[in-house]
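Because only heavy atoms are used, hydrogens play no part in the values below, and waters and symmetry mates are left out as well, while side chains stay in. Note that the coordinates shown come from a computational prediction; the quantities given were computed from them, not determined experimentally. Both ligands and their constituent atoms are indexed starting at 1 by order of listing. Positions are given from 1, in the same order as the sequence printed here.
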Amino acid sequence: MQVPTQIKPAYKAYALNNFRNIPQLERLSESEQWAIEVVGNVLPFKVNNYVIDELIDWDNYRTDPIFNLTFPNREMLLPEHFAEMEQTLKNTNDRNLIKETSHHIRLQLNPHPAGQVELNMPEIEGIKLTGIQHKYRETLLFFPSSGQTCHSYCTFCFRWPQFVGMNEIKFAMRETDLLIKYLEQHQEVTDILFTGGDPMIMKFEVFRQYIEPFLEDNRTNIQTIRIGTKSLAFWPYKFIDDEEAGKFLDLFERVTSRGINLAFMSHFNHPNEMRTPAVKQAIRRLRNTGLQIRTQSPLLRNINDNPQAWAEMWREQVNQNCIPYYMFVARDTGAKHYFEVPLVRAWEIFREAYKSVSGLCRTVRGPSMSATPGKVQILGVSEVAGQKVLTLRFLQGRNPDWVGRPFFAEYNDKATWLSDLKPAFGDDKFFFEEELESMYHEKMDSMLSDN
Ligand SMILES: *Cc1c(COP(=O)(O)O)cnc(C)c1O
Ligand code: SF4
C-alpha cells in the first residue's frame, strides 16, 4: 500500500471562547450551540482542526462517534445540573460566579475515592513524589508536569488540564532527577509509563529531558518505556512533515537501538480514528523507528458500544501493525450516566467482537476495570453450583499474588462497577478485601505518624 506524504496543516484549536468560529458549526441548531456553551462550562472542551476537518462526518454529526467524543451536548449533564449552569450563564457574566457554579457541579460528578491518590504516591528522602504512582510492582506511572494537557479533550474524561509552568525544561530535569533516583532504589520496576494528559503534547526540547537520562549511565532496571498518548487519534501530524517530527523519530530510534522496548500505549476509541491518510502515515513512520504501538480504549455508550466498532478497530489496528491491548470499563467520567455500560453488557460486546476476529487481534484483554485493588477483568457469566454468577479475575493486583485467580460475584445485570458487585455463594467479602483494608490502614497510619 502506497501512502502519499501528508502535508501538515497549521494547528488550530477551539474552545469555549471561540468555538462559534468553527465553520462547520453553522450546521448545528441554535439550541445545540447553546448546549455546547452550557455543558462546556462543566466538562472539558477543546477540539482542533484535524478532528474537525478529517475525523468528524458533519453530514451525520448527531450520531458521529468523534463528534460525541469531543463536542459536549445537553444529555451529558443531568437535567438539574444543566439547568443550574444555564441559569447562571443567563444571570451573570461574572467569571468568578460562573467558575463557582462549575466547581460546585464538578464536585458532584467526580468524587475522588478517599485516599486513593495517597495510597499510590511514593516518597523519596521525605519528599512526596507527586508526579508518580506506584501501584503495581513492575510498572511505575509517571505524570510529567509538562504533559498534563491534550491536543483535544474527550468529553468522557475528567483529567482537568493543569496550567503548565514557565521554565519547563529546568523543571523537567529536576523532576527526572528524582524519578531516576527512585527507580535506582526500586529494581523491581522494569516499566515506566509516561502518562497525562498526553505526554505527546510536549515540545521536543522538553520531552527529551525526560527520556535521555534513560539512555545514559543509570542503575535503574528499566527495560520498557511506555508512552500513554492519544496523539495518533487527535494530532498524527505530530510525527509528520517537519523538523520537530524528525527529532522525535530520531530519539525514538535511539531508544530502541539501545535495546530498550519503547511502546506507544495509543488511545483509539473508534475505527474512524484509524482511517485517515495522516494517521496511517504517522503509524508507519513510528513503526520504522522500532517502537511498538499497543492500543487501548474504554467502552463508551454513544461512541463505541457495539461489537462491530471494536472488531473493525482491532482488525484495522492489526493491519497497521498495532497490537490491541486493553478494553476498559469506563469510570470516573464526569458524564458517567451518558457513557456508562453495564458490566454484563460490556462482556457481551467484548465477546461478540473477540469471537469475530482472527487470533492476531485477540491479544486484547478486557473488559477490565481499573479499581482500587487492581485491574479486574470480567471473564463472563457462568453457572456454578446452580447459581448464575459473574466470573472475574485480576489482571493486575496491588498484591501480585491476587493475579489470575478466578473469583465469583452474584449475577447483576445493572452493575457498572466492581463496587456494585456482591460476592457469590453468600460470602461477606471477596478474597482480597481484608488484605486491601489492612494495606489501606497501614498506609494511613504511616502518613499520620509522618505529619
Ligand atoms: C494499568 C496500570 C498500569 C499498567 O498495567 P499493565 O497491565 O502492565 O499494562 C500501571 N499502573 C497503574 C496505576 C495502572 O492503572
Ligand atoms: S487525557 Fe486522554 S482521555 Fe483525557 S482528554 Fe486527554 S486524550 Fe482524552
Quiz prompt | Qualifying residues under side chain to side chain contact (heavy atoms under 4.5 Å, CB included), relative to T139, sequence neighbours excluded | solution =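 Per chain and number, T139 pairs via side chain to side chain contact (heavy atoms under 4.5 Å, CB included) with D191, L193, R226.
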
Quiz item: How would you list, by chain and number, every residue that makes a side chain to side chain contact (heavy atoms under 4.5 Å, CB included) with Q185, sequence neighbours excluded?
Solution: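 For Q185 the side chain to side chain contact (heavy atoms under 4.5 Å, CB included) partners, ignoring immediate neighbours, are I124.
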
Quiz prompt | Proximity of Y14 and F45 rings by center, below 6.0 Å | solution =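 No, the ring of Y14 stays outside the 6.0 Å limit from the ring of F45, centre to centre.
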
Quiz item: Looking at the rings of Y354 and W310, which for Trp means the six-membered one, are their centres under 6.0 Å apart?
Solution: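 No - the distance between ring centres of Y354 and W310 does not fall below the 6.0 Å cut-off.
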
Quiz prompt | Within-shell test, G197 vs ligand 2, heavy atom, strictly < 4.0 Å | solution =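 A heavy atom of G197 does come that close to ligand 2.
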
Quiz item: Under the side-chain hydrogen bond (donor to acceptor under 3.5 Å, both in side chains) test, which residues partner E184, sequence neighbours left out?
Solution: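 Scan of E184 (side-chain hydrogen bond (donor to acceptor under 3.5 Å, both in side chains), adjacent residues dropped) gives none.
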
Quiz item: Is K181 atom NZ crowded by more than 12 heavy atoms from other residues, nucleotides or ligands, each under 6.0 Å away?
Solution: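 No - once you tally the heavy atoms of other residues, nucleotides and ligands closer than 6.0 Å, there are 12 at most.
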
Quiz item: Considering only heavy atoms of C157, which atoms of ligand 2 have at least one such atom less than 4.0 Å away?
Solution: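 Atoms satisfying the 4.0 Å criterion: 1 (S), 3 (S), 4 (Fe), 5 (S).
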
Quiz item: Near C150, which atoms of ligand 2 are under 4.0 Å from a heavy atom of that residue?
Solution: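 Counting atoms of ligand 2 from 1, those under 4.0 Å from C150 are 1 (S), 5 (S), 6 (Fe), 7 (S).
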
Practice problem: In plain terms, say whether E437 and K429 are close enough for a salt bridge, that is, a side-chain N and a carboxylate O under 4.0 Å apart. | Solution: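 K429 and E437: salt-bridged.
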
Practice problem: Taking both backbone and side-chain atoms into account, decide whether C154 has an N/O/S atom under 2.8 Å from atom 6 (Fe) of ligand 2. | Solution: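 Given the 2.8 Å cut-off, C154 does not count as a ligand of atom 6 (Fe) of ligand 2.
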
Exercise. Among Q320, E312, E54, find the one that has a side-chain hydrogen bond (donor to acceptor under 3.5 Å, both in side chains) with R275.
Key: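 Option passing the side-chain hydrogen bond (donor to acceptor under 3.5 Å, both in side chains) with R275: E312.
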
Quiz prompt | Near ligand 1, at a heavy-atom separation below 4.0 Å: residues by chain and residue number | solution =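 Shell around ligand 1 (4.0 Å, heavy atoms): K135, Y136, T139, L141, R226, Y325, Y326, R365, K375, Q396.
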
